[in-house]
Amino acid sequence: MQKKTPVWMTILIILVLLPIFSLPALLDTVPADDDSLRTVVWCYPFYLLLSGYLAWFAYPQRPTISWILIALMVLSTIAIWMLPAAAL
């Protein structure tokens, strides 16, 4: 019998995924002539969605992996917002 991911974990994953909606504001902070940085910023939402799905899917069998993925999602969100300022 397959265990299900608890509702509180699903809500936590959704909360960690909310920065996806700030993509337009994030793209505005990227310098116009920096194409490589713009590519990284465009890949960021896909990374978050994939990591969120994998964290949700892995929780019943491997909760530690889910917590590691959530921590990486939080750290990558912090890093992606610091990246345009560091590129100046």
Value rounded to 0.5 Å, distance of CE in M82 from OG1 in T77: 13.0 Å
Atom pair CG (L69) and OH (Y59), whose distance is rounded to the nearest 0.5 Å: 13.5 Å
Hydrophobic cluster membership, V74 vs F46, 4.5 Å side-chain cutoff: no
hydrophobic_cluster_shared for L49 and I14, side chain cutoff 4.5 Å: no
pair T39-Y44: side-chain heavy atoms closer than 4.5 Å: no
M73 side, atom CE; I78 side, atom CD1 - distance, nearest 0.5 Å: 12.5 Å
Side-chain touch V30/V40, heavy atoms, less than 4.5 angstrom: no
Heavy-atom side-chain proximity of W56 to S66 below 4.5 angstrom: no
I13 side chain reached by V16 side chain, heavy atoms, under 4.5 Å: no
Distance-minimising heavy-atom pair for T5 and P60: OG1-CD, 3.4 Å
Interatomic distance, L83 atom CG to S76 atom OG [nearest 0.5 angstrom]: 11.5 Å
Atom pair CD1 (I80) and OG1 (T29), whose distance is rounded to the nearest 0.5 Å: 9.0 Å
L23 side chain near V41 side chain, heavy-atom distance below 4.5 Å: yes
In one Ile/Leu/Val/Met/Phe/Trp/Tyr side-chain cluster, 4.5 Å: V7, L17: no
Contact check, side chains of R62 and F57, non-hydrogen atoms, under 4.5 Å: no
Flag side-chain contact, heavy atom, 4.5 Å: L37 against P31: yes
Same apolar cluster (I L V M F W Y, side chains within < 4.5 Å links), L50/I65: yes
Closest non-hydrogen atom pair between S22 and W81, with its separation: OG-CZ2, 3.3 Å
Distance, nearest 0.5 Å, that separates CH2 of W42 from CG of D35: 13.5 Å
Path from L48 to I68 over hydrophobic side-chain contacts below 4.5 Å: yes
